[in-house]
J.: 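Just dropping this structure here.
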Amino acid sequence: MKRRDFLHLAAGTATLALPRVARADTYPSRPVRVIVGLPPANSPDIIARLIGEWLSQKLGQPFVVENRPGAATGIATELVVRAAPDGYTLLLVVAGNAVNGSVFKNLAYDFSRDIAPVASIGGIPLAMAVTPSFPATTVPEFIAYAKANAGKVYMASSGNGSVLHIAGALFQMMAGVDLTHVPYRNSLFPDLLSGQVQVSFSPVPAVIGYVQAGKLRALAVTTAQRLDVLPDVPTVAEFVPGYEATGWLGLGAPKGTSAGVIDTLNTAVADGLADQKFKARLHDLGVVVSPMTPAEFARYIASETEKWAKVVKFADIRPE
């Protein structure tokens with residue numbers, strides 16, 4: 001074989017052996033999957049589909065949502081961790097991803113190591129809601145009652161280690177109260193409305209209708225600032241300084257995804273969050289938009305992971 005032919009063949013073989021990496025100037029050239037670790041029709045799923053619709057219009061290829069619920073988003077996360085780092089398999093990152101490493105000790109992946117932050121979408125604020133018959137109308141009154149009735153106030157959540165659970169656990173840690181946690185696999189609202197449980201830290205979009213109808217009382221919101229949709233409801237931090245807890249969402253990709261592809265996606269998401277019509281659609285779902293660069297999003301995830309690890313340890317939160 002002539003040396004020129006050998007070199008040509010060797011170069012072709014090397015090209016075949018290289019992992020497939022998308023080029024930023026041609027990305028995307030085919031449909032992109034967005035993996036959601038929660039069931040269809042809940043808030044994160046709806047938000048993922050809105051983002052997918054925006055990215056499809058902006059980047060010219062379909063962004064298709066696939067729901068892979070289970071294991072507290074672990075099934076979806078592991079699927080993306082094991083996917084090719086080519087930008088064609090993305091993860092809807094949620095606040096639970098920053099918690100799971102502290103709750104589940106035998107995960108097959110390390111979220112902070114194996115998922116590259118792509119873009120922040122925003123936060124979903126929570127409300128500290130009680131039944132109207134509960135003998136407290138303010139956070140200080142609630143704290144006083146809970147201290148006088150240690151272990152007798154029941155706090156509902158969507159499961160051990162869920163955002164609702166850790167928000168309540170953070171409140172217990174900072175306010176010095178002892179609430180009895182009641183995790184639910186299905187909706188907690190029938191029991192909360194009937195008074196079987198007395199309090200929940202639930203997403204504002206899920207409780208605002210009950211609050212406006214007088215079926216629940218919002219004692220406070222969990223954000224650092226008051227919310228436009230509940231302007232008369234104080235923040236928890238007004239009574240428990242430093243308290244803040246929100247659900248949040250963003251996009252992630254497998255480790256090793258090129259910076260060019262990540263920047264393309266980040267820019268497209270940021271354009272959507274700046275678009276008034278698209279921003280209004282997210283606002284209607286209770287999302288407080290929060291655009292970040294990939295580096296800023298990485299730092300935010302790291303700070304959330306550290307924060308919630310302390311809460312998980314304090315509350316001794318374990319898998320169900």
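Worth knowing before you read on, the calculation uses all heavy atoms, side chains too, and leaves out hydrogens, waters and symmetry mates.
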J.: Assess, by modelled atom type and distance only, whether the side chains of S200 and Y184 contain a donor and an acceptor separated by less than 3.5 Å.
T.: no
J.: Under the 3.5 angstrom rule, does the side chain of Y88 hit a backbone N or O of P31 as a donor-acceptor pair?
T.: no
J.: Can you tell me how far apart NZ (K215) and OG1 (T131) are? Round to the nearest 0.5 Å.
T.: 14.0 Å
J.: If you group Ile, Leu, Val, Met, Phe, Trp and Tyr by side-chain heavy-atom gaps below 4.5 Å, do L38 and V163 land in one group?
T.: no
J.: To the nearest 0.5 angstrom, please state how far the OH atom of Y154 sits from the CG atom of L179.
T.: 11.5 Å
J.: Test your reading of the model: is there a side-chain donor-acceptor pair from W308 to the backbone of A167, 3.5 Å cut-off?
T.: no
J.: Can you tell me if CZ on R113 sees more than 12 non-hydrogen neighbours from other groups inside 6.0 Å?
T.: yes
J.: Main chain of A98, side chain of E304: is a donor-acceptor contact present, judged purely on distance under 3.5 Å?
T.: no
J.: I need the minimum non-hydrogen distance between I143 and A175, along with the two atoms involved.
T.: CD1-CB, 3.9 Å
J.: Compare every heavy atom of L192 with every heavy atom of A129, then report the nearest pair and how far apart it is.
T.: O-CD1, 4.4 Å
J.: Less than 4.5 Å apart, any side-chain heavy atom of L90 and any of V80?
T.: no
J.: Decide whether H165 and S158 meet the rule of one side-chain donor and one side-chain acceptor closer than 3.5 Å.
T.: no
J.: List the steps and the verdict of side chain to side chain contact (heavy atoms under 4.5 Å, CB included) for T222 and L170.
T.: CA-CA 11 Å; T222 64; L170 178 64; over 6 Å; no
J.: Looking only at heavy atoms, which two atoms of P117 and P294 are closest? And how far apart?
T.: O-CB, 3.7 Å
J.: More than 12 heavy atoms of other residues, nucleotides or ligands under 6.0 Å from NZ of K105: yes or no?
T.: yes
J.: Is there a path of hydrophobic side-chain contacts, each under 4.5 Å between heavy atoms of I/L/V/M/F/W/Y residues, joining M292 to V287?
T.: no
J.: Quick one: does S43's side chain get under 4.5 Å of I46's, heavy atoms only?
T.: no
J.: Under 3.5 Å, is there a donor on one side chain and an acceptor on the other for T77 and N97?
T.: yes
J.: Can you confirm if the aromatic rings of Y300 and W248 lie within a centre distance of less than 6.0 Å?
T.: yes
J.: Can you check side chain to side chain contact (heavy atoms under 4.5 Å, CB included) on V233 and R226, steps first, answer last?
T.: CA-CA 7 Å; V233 177; R226 294 195 182 196; over 6 Å; no
J.: Heavy atoms, side chains only, cut-off 4.5 Å: are T246 and V288 in contact?
T.: no
J.: Backbone N or O of D271 within a donor-acceptor pair of the D275 side chain at under 3.5 Å?
T.: no
J.: Just wondering, are more than 12 heavy atoms of other shown residues or ligands nearer than 6.0 Å to CD in E66?
T.: yes
J.: Taking atom CD1 of I75 and atom CD1 of I35, what is their separation to the nearest 0.5 Å?
T.: 12.0 Å
J.: How close do F297 and G250 get, heavy atom to heavy atom, and via which atoms?
T.: CZ-CA, 3.9 Å
J.: In this structure, would L92 and I51 fall into the same cluster of hydrophobic residues linked by side-chain contacts under 4.5 Å?
T.: yes
J.: Do side-chain atoms of D114 reach the backbone of D110 as a donor and acceptor pair under 3.5 angstrom?
T.: yes
J.: Tell me whether M174 shares a hydrophobic cluster with F239, the cluster being built from Ile, Leu, Val, Met, Phe, Trp, Tyr side chains joined at under 4.5 Å.
T.: yes
J.: Do N100 and T73 get their side chains close enough for a donor-acceptor pair, meaning under 3.5 Å?
T.: yes
J.: Within a strict 4.5 Å, meaning less than it, do heavy atoms of the P205 and L285 side chains meet?
T.: no
J.: Compare all side-chain heavy atoms of L230 with those of V221 and state whether any distance is below 4.5 angstrom.
T.: yes
J.: For residues L251 and V34, determine if any side-chain heavy atom of one lies less than 4.5 Å from a side-chain heavy atom of the other.
T.: yes
J.: Tell me if a side-chain donor or acceptor on D178 pairs with a main-chain N or O of A150 at a distance below 3.5 Å.
T.: no
J.: So, the side chain of E141 versus the backbone of T137: is there a donor-acceptor pair under 3.5 Å, distance only?
T.: yes
J.: Is the Lys NZ or Arg CZ of R217 less than 6.0 Å from the centre of F134's six-membered ring, within 45° of the axis?
T.: no
J.: Could you grab the distance from atom CG of L193 to atom OG of S187, nearest 0.5 Å is fine?
T.: 8.0 Å
J.: With no hydrogens and no angle check, is any side-chain donor or acceptor of D45 less than 3.5 Å from a backbone partner on P39?
T.: no
J.: Of all heavy-atom pairs between G87 and V261, which one has the smallest distance, and what is that distance?
T.: CA-CG1, 3.9 Å
J.: Side-chain contact, heavy-atom cut-off 4.5 Å: F111 with V93?
T.: yes
J.: Is Q225 atom CD crowded by more than 12 heavy atoms from other residues, nucleotides or ligands, each under 6.0 Å away?
T.: no
J.: Answer yes if V289 and V204 sit in the same cluster of Ile, Leu, Val, Met, Phe, Trp and Tyr residues linked by side chain heavy atoms under 4.5 Å apart, and no otherwise.
T.: no
J.: Would you compute the distance between atom CD1 of I115 and atom CD of E78 and round it to the nearest 0.5 angstrom?
T.: 10.5 Å
J.: Would you say that Y27 contacts V32 through its side chain, given a criterion of any heavy-atom pair below 4.5 Å between the two side chains?
T.: yes
J.: Quick check: are there more than 12 heavy atoms from other residues, nucleotides or ligands sitting under 6.0 Å from NE2 of H283?
T.: no
J.: Which class fits the ring pair Y243 and F171: parallel under 30°, tilted 30 to 60°, perpendicular over 60°?
T.: perpendicular
J.: Spell out, as yes or no, whether a donor-acceptor pair under 3.5 Å connects the side chain of S56 to the backbone of F63.
T.: yes
J.: Quick one: closest heavy-atom pair of I262 and A116, and the distance?
T.: CD1-CB, 4.0 Å
J.: Counting only heavy atoms not in D284, do more than 12 sit closer than 6.0 Å to its CG atom?
T.: yes
J.: Could you measure the distance from the CG atom of L216 to the CE atom of M128? Nearest 0.5 Å is fine.
T.: 13.0 Å
J.: Start with the C-alpha gap between L188 and S202, add the side-chain angles, then the distance that decides, and say whether side chain to side chain contact (heavy atoms under 4.5 Å, CB included) holds.
T.: CA-CA 10 Å; L188 59 85; S202 290; 4.1 Å; yes
J.: Around atom CG of N186, are there more than 12 heavy atoms of other residues, nucleotides or ligands at under 6.0 Å?
T.: no
J.: Would you sort out whether E53 and R281 count as a side chain to side chain contact (heavy atoms under 4.5 Å, CB included), showing the intermediate values?
T.: CA-CA 12 Å; E53 179 184 318; R281 294 177 72 185; 3.2 Å; yes
J.: Verify the neighbour count for atom NZ of K307: are there more than 12 heavy atoms of other residues, nucleotides or ligands below 6.0 Å?
T.: yes
J.: Does P125 offer a backbone N or O that forms a donor-acceptor pair with the side chain of T223 under 3.5 Å?
T.: no
